[in-house]
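Everything quoted here is computed from the prediction, not taken from an experiment.
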Amino acid sequence: MLFICFAIGCQDKNRFNKKNSLSNLETIIETYIDSFYTTYKRYNYDWIDFFEDEFTNVFPDTPIRKISKDSTKNIWKNIYKRYHVQIVDYGKPSFITSKDMVISHNSFHEIFINKKSRDTIKNIGTYIIAWRRQKNETWKIVFETVQNNPN
């Protein structure tokens, strides 16, 4: 009888540890997200380092594609050439976690200000990102998609 109680107790303890580790994982990824946005607000290209060298990118009205960090940098060079980009706000993320991958979902609100005309474009929507654990125990973005809300 003592053995059965001990075995059941260990199973409950393992469930507790698993739950805590998933909660800890969410905290880790939330820290990465905060760091991503802090870096993005500098409006240079350092935020691109949060991505794997090649990742899947899905945006409205474009095909699903594998894209490199270098291609992403070139796209954003053109954007930064024409616009001042500002993050207004981003929401608290929600998560789907597994051992080596975490899906995060959050809202965002940013604006693009045309450098010549000063016209402003609001970009408000939701973001879904898949983070993959790397061999060195860091996390990188392997998938991103965004859904813009109509302004």
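Among residues two or more places apart in sequence or in another chain, the side-chain hydrogen bond (donor to acceptor under 3.5 Å, both in side chains) test is passed with Thr72 by none. Evaluation of the side-chain contact (heavy atoms from CB on, under 4.5 Å) rule for Pro63 yields no partner, not counting sequence neighbours. For Thr39, the side-chain contact (heavy atoms from CB on, under 4.5 Å) partners are Ser35, Arg42, Asp46, Trp47, Phe50, not counting sequence neighbours. Residues satisfying the salt bridge (charged side-chain N to carboxylate O under 4.0 Å, His left out) criterion with Asp49, sequence neighbours excluded, are Lys69. Under the side-chain contact (heavy atoms from CB on, under 4.5 Å) criterion, Lys115 pairs with His84, sequence neighbours left out. Residues that satisfy the side-chain hydrogen bond (donor to acceptor under 3.5 Å, both in side chains) test with Tyr37, not counting sequence neighbours, are Asn106. In terms of the ring pair (Phe, Tyr, Trp, His ring centres under 6.0 Å) criterion, Phe59 has no residue partners (sequence neighbours excluded). Take Gln86 and apply the side-chain contact (heavy atoms from CB on, under 4.5 Å) test, not counting sequence neighbours, and it matches Tyr43, Ile111, Ile113.
Looking at every heavy atom in both residues, Tyr40 comes nearest to Val85 through OH-CG1, 3.6 Å.
Inter-residue side-chain proximity for Asn24 and Ile28 is flagged as met; some heavy-atom pair is nearer than 4.5 Å.
Sorted by first then second residue, the salt bridge (Lys or Arg N to Asp or Glu O under 4.0 Å) pairs that include residues 54-65, not counting sequence neighbours, number zero. Each salt bridge (Lys or Arg N to Asp or Glu O under 4.0 Å) pair with one or both residues in residues 100-113, not counting sequence neighbours, appears once here: Asp100-Arg133. Residues in residues 71-97 take part in these salt bridge (Lys or Arg N to Asp or Glu O under 4.0 Å) pairs, two or more places apart or across chains: Glu30-Lys92. Among residues at least two apart or in separate chains, ring pair (Phe, Tyr, Trp, His ring centres under 6.0 Å) pairs with a member in residues 105-129 are Tyr83-Phe112, Phe108-Tyr127.
Of the possible polar contacts, none joining the Ser107 side chain to the Gly125 backbone as a donor-acceptor pair under 3.5 Å is found. Using modelled atom types, no side-chain atom of Ser71 and backbone atom of Ile67 make a donor-acceptor pair closer than 3.5 Å.
Connection of Val88 to Ile121 is not established within any shared hydrophobic cluster, with ILVMFWY side chains joined at heavy-atom distances below 4.5 Å, either directly or through further cluster members. Placement of Met101 and Leu25 in two distinct hydrophobic clusters is found when ILVMFWY residues are connected by side-chain heavy-atom separations under 4.5 Å, directly or transitively. Linking ILVMFWY residues whenever their side-chain heavy atoms come closer than 4.5 Å, directly or via other members, leaves Ile103 and Phe36 in distinct clusters. A single hydrophobic cluster is not seen to contain both Phe51 and Ile128; linkage of ILVMFWY side chains at heavy-atom distances under 4.5 Å, directly or through other members, places them apart. Taking hydrophobic clusters as Ile, Leu, Val, Met, Phe, Trp and Tyr residues chained together by side-chain heavy-atom distances below 4.5 Å, Ile64 shares a cluster with Val142.
When only modelled atom types and interatomic distance are considered, Asp70 and Ser68 share no side-chain donor-acceptor pair under 3.5 Å.
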Legend entry - Verdict with reasoning, Val58 to Glu144, per side chain to side chain contact (heavy atoms under 4.5 Å, CB included): CA-CA 6 Å; Val58 182; Glu144 69 167 340; over 6 Å; no
Inset, instruction - Please lay out, stage by stage, how Asp34 and Tyr90 fare under the test side chain to side chain contact (heavy atoms under 4.5 Å, CB included). - result: CA-CA 9 Å; Asp34 288 340; Tyr90 64 94; 2.8 Å; yes
Legend entry - Test log, rule side chain to side chain contact (heavy atoms under 4.5 Å, CB included), inputs Phe55 and Phe143: CA-CA 6 Å; Phe55 58 96; Phe143 172 87; over 6 Å; no
Legend entry - Residues Ile33, Trp131; criterion side chain to side chain contact (heavy atoms under 4.5 Å, CB included); working and verdict: CA-CA 10 Å; Ile33 292 167; Trp131 298 84; 3.7 Å; yes
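Residue Asn149 holds its CG atom at 6.0 Å from OG1 of Thr126, rounded to the nearest 0.5 Å. Atom CD1 of Ile129 sits about 10.0 Å away from atom OG1 of Thr145, to the nearest 0.5 Å.
Heavy-atom contacts from other residues, nucleotides or ligands closer than 6.0 Å to CD1 of Ile79 number more than 12.
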